[in-house]
Amino acid sequence: MNQIEAYNLLHQGALALSRAEEAGIRVDVDYLERKIKHLARQMEYYERKFKESKFYSRWEKFQGDEPNPNSTVQLREYLYTELGKKPPKETEKGFGSVDKESLTELNISELNMLLESRKLKKNMDYLLGFQREAIDGWLHPNFNLHLVKTYRSSSDHPNFQNIPKRDKEAMKLTRRALFPRPGHQILEVDYSGLEVRIAACYHKDPTMIKYLKEGFDMHGDMAVQLFKLDKYDSSNANHAYLRAATKNGFVFPQFYGDYFGNCAKYLACDWGKLPSGNFLYSQGVDVEPDRSLAKHLVGKGIRNYKDFTEHVKAIEEDFWGKRFRVYARWKERWWHDYQKKGYVDLYTGFRCRGMMGKNDAINYPIQGAAFHCLLWSLIQLDYFLYTYKWRSRIIGQIHDSIVLDVHPDEFFSLIAHIKKITTEDLPKAWDWIIIPLEVDFEYCEVDAPWSEKKELESTNGV
DNA sequence: TGTTCATGG
DNA sequence: TATCCATGAACA
């Protein structure tokens, strides 16, 4: 594809997204007002309790003034200088970190209070943002195509692309404010594993292609290797958890250019959430014998954190040296080409210029082109809804997913059309897409808020 | 204005 | 060489 096609994609994309902005999403302003008051009371409670503690009075003495728990500088001085604690982690600039991971690791009860109040504040900020941007009970988030260096989109006022989802409590609290039009329902369609599939279009690694075409479970296989399981059992909650940890703590970081040391740290740390124990995070200390995963790994010859790091190192070497060696060779070639040319071209006709590190040069074209798949689909869908005067509307987009406000009469036929556009029409339009694409659907009942979203079990036969 | 933290993909 | 891309709030 060439730069004319790239321009047209952005032009048509801007028009389609402007219609989504105009459509907007309903917001329950009464709920916002109630909940904001409620959160304010909860925050006051935590503040009061925190100030009653000995931990606080010592901080007050040290500070010589009223301490500000929101100041990372004050907090780190107090913890790491006055109290002499050892920072579990450092910031990018080399100071002692006071983020959630570090404060949890320090294991001081007053810090848990502080973390709780940070969480409340964060939730409050989302609701205040909605309240500030609401016009007559409607939000109209902006969707930008001109701000991101990879030619992805961004969103602001309010940002539609970072509303809580993983933390169930925060998810319910924030998305409970957002509604479809009266008598309508929210529908979401998202491309599954889009970036992995688009990456495979670039590097064409046969093993990866096989995983994607045959529907084999790459994360499950890696979990078996990392945790020395006999066989992956998806009905086992521990296995399912380890698979998620593997996906987020090894596979994706490796794709983005991380190395075994960080991966080992993340995986060991993450076991803290597992019933079987958090032993390895206590750095080099031998495992506690009464924890089942610990026992299991000891039985396999991995006795401590150091052993585990070596183990992850070996798996990393196998990952790039054997399993995905064609992918690895592509990365080297691509990086070499960038150093020669000073730019990288996307399959979609865009060019990224400027100073890039190795990870940047490799990841930008994948991230950008993956988003363009979504954008192309959104343009087609918008054109279709607009031309045939459907009552359903696109109301937003989150990198690899589209959010719609749907009239119930149009629900099933709309799903069929979306499936055709996203998984059949797109690969026909762009011949560089050599991997089959898949989409999943989620939906809410009529008049239900976004917090009530559930999976659509099967879209066969619609 | 740059840094840190938290949220999403 | 060592985790990619954003927005937004608060602080210094």
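Because the structure is predicted, anything quoted here is derived from the model rather than measured. A, B, ... follow the sequence lines: proteins, then strands. Residue 1 opens every chain.
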Colleague: Which part of the nucleic acid, if any, lies within reach of Lys165(A) when heavy atoms closer than 4.0 Å are counted: base, sugar-phosphate only, or nothing?
Modeller: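 Contact class for Lys165(A): sugar-phosphate only.
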Colleague: Indicate whether OP1 or OP2 belonging to dC5(C) is found under 4.0 Å from a side-chain N or O atom of Lys149(A).
Modeller: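 Yes, because at least one side-chain N or O of Lys149(A) sits under 4.0 Å from OP1 or OP2 of dC5(C).
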Colleague: Work out how far the C1' atom of dC5(B) is from that of dA2(C), and round it to whole angstrom.
Modeller: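 Their C1' atoms lie roughly 23 Å apart.
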Colleague: Using a heavy-atom cut-off of under 4.0 Å over every strand shown, decide if Lys119(A) touches base, sugar-phosphate, or nothing.
Modeller: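 The answer is nothing, as Lys119(A) stays clear of every strand by at least 4.0 Å.
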Colleague: Ignoring backbone atoms, establish whether Asn68(A) has a side-chain N or O less than 4.0 Å from OP1 or OP2 of dC11(C).
Modeller: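 So the side chain of Asn68(A) is within the cut-off, an N or O lying under 4.0 Å from OP1 or OP2 of dC11(C).
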Colleague: Whole angstroms only, please: what is the CG-P distance between Asn262(A) and dC4(C)?
Modeller: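 So the two atoms are 11 Å apart, to the nearest Å.
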Colleague: Examine dT3(B): is either OP1 or OP2 under 4.0 Å from a nitrogen or oxygen in the side chain of Lys93(A)? Give yes or no.
Modeller: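 It does, given that an N or O in the side chain of Lys93(A) lies less than 4.0 Å from OP1 or OP2 of dT3(B).
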Colleague: From C-beta outward on Lys121(A), which listed nucleotide comes closest to its side chain: dC5(B), dT7(B), dA9(C)?
Modeller: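 Nearest to the side-chain atoms of Lys121(A), counting from C-beta on, is dA9(C).
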Colleague: State whether Arg166(A) places a side-chain N or O below 4.0 Å from either non-bridging phosphate oxygen (OP1 or OP2) of dG9(B).
Modeller: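 Indeed, a polar side-chain atom of Arg166(A) lies that close.
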Colleague: Say we look at dA6(B) and dT1(C): how far apart would their P atoms be, to the nearest angstrom?
Modeller: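 One P to the other, the span is 31 Å.
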Colleague: What is the nucleic acid contact for Tyr364(A), judged by heavy atoms within less than 4.0 Å: base, sugar-phosphate only, or nothing?
Modeller: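 If one applies the 4.0 Å heavy-atom cut-off, Tyr364(A) turns out to touch the sugar-phosphate alone, with no base involved.
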Colleague: Within the 4.0 Å heavy-atom criterion, would you say Ile163(A) contacts the bases, only the backbone, or no part of the nucleic acid?
Modeller: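 Here Ile163(A) touches the backbone only, sparing every base.
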Colleague: Classify the nucleic acid contact of Asp258(A) as base, sugar-phosphate or nothing, counting any heavy atom under 4.0 Å across all strands shown.
Modeller: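 Base contact - Asp258(A) has a heavy atom under 4.0 Å of at least one base atom.
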Colleague: So what does Ser155(A) touch, heavy atoms closer than 4.0 Å: a base, only the sugar-phosphate, or nothing?
Modeller: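 Sugar-phosphate: the residue Ser155(A), judged by heavy atoms under 4.0 Å, touches backbone atoms but no base.
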Colleague: Among Arg181(A), Arg393(A), Arg19(A), find the residue that satisfies the salt bridge (Lys or Arg N to Asp or Glu O under 4.0 Å) test when tested with Asp405(A).
Modeller: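 Passing option: Arg181(A).
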Colleague: Are the ring centres of Phe160(A) and Trp450(A) closer than 6.0 Å?
Modeller: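 Distance test on ring centres: under 6.0 Å, yes.
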Colleague: Counting the atoms with a prime plus P, OP1 and OP2 as sugar-phosphate, which does Leu147(A) contact under 4.0 Å by heavy atoms, base, sugar-phosphate, or nothing?
Modeller: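 Sugar-phosphate contact only - Leu147(A) comes under 4.0 Å of backbone atoms but never of a base.
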Colleague: Mark yes or no for a side-chain to base donor-acceptor pair under 3.5 Å between Asn159(A) and dT7(C), with no hydrogen or angle criteria applied.
Modeller: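 A donor-acceptor contact between them is absent.
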Colleague: Salt-bridged, Arg152(A) to Glu195(A), with N to O below 4.0 Å?
Modeller: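 A salt bridge links Arg152(A) with Glu195(A).
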Colleague: Within the structure shown, what part of the strands sits under 4.0 Å from Phe160(A) by heavy-atom distance: base, sugar-phosphate, or nothing?
Modeller: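 Nothing, no nucleic acid heavy atom in range.
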Colleague: Would you please say whether a donor-acceptor pair under 3.5 Å links the side chains of Glu82(A) and Trp59(A)?
Modeller: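 Distance-only check fails for Glu82(A) and Trp59(A).
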Colleague: With distance as the sole criterion, is a donor-acceptor pair present between the side chains of Ser97(A) and Ser102(A) under 3.5 Å?
Modeller: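 On atom types as modelled, these side chains qualify, holding a pair under 3.5 Å.
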Colleague: Just N and O in the side chain of Ser71(A): are any of them under 4.0 Å from OP1 or OP2 of dC11(C)?
Modeller: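 Checking dC11(C) against Ser71(A), no side-chain N or O comes under 4.0 Å of OP1 or OP2.
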Colleague: I want to know whether Phe250(A) and Phe319(A) have ring centres closer than 6.0 Å.
Modeller: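 Between Phe250(A) and Phe319(A), the centre distance is under 6.0 Å.
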Colleague: Is Ser153(A) touching bases, backbone alone, or none of the nucleic acid, heavy atoms closer than 4.0 Å?
Modeller: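 Result for Ser153(A) = nothing.
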Colleague: OP1 or OP2 of dT7(B) sitting under 4.0 Å from any side-chain N/O of Tyr126(A)?
Modeller: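 The answer is no; no side-chain N or O of Tyr126(A) sits under 4.0 Å from OP1 or OP2.
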Colleague: Would you classify Gln254(A) as touching base, sugar-phosphate or nothing, given that sugar-phosphate means primed atoms plus P, OP1 and OP2, and contacts are heavy atoms under 4.0 Å?
Modeller: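 Answer is nothing: Gln254(A) stays at 4.0 Å or more from every strand.
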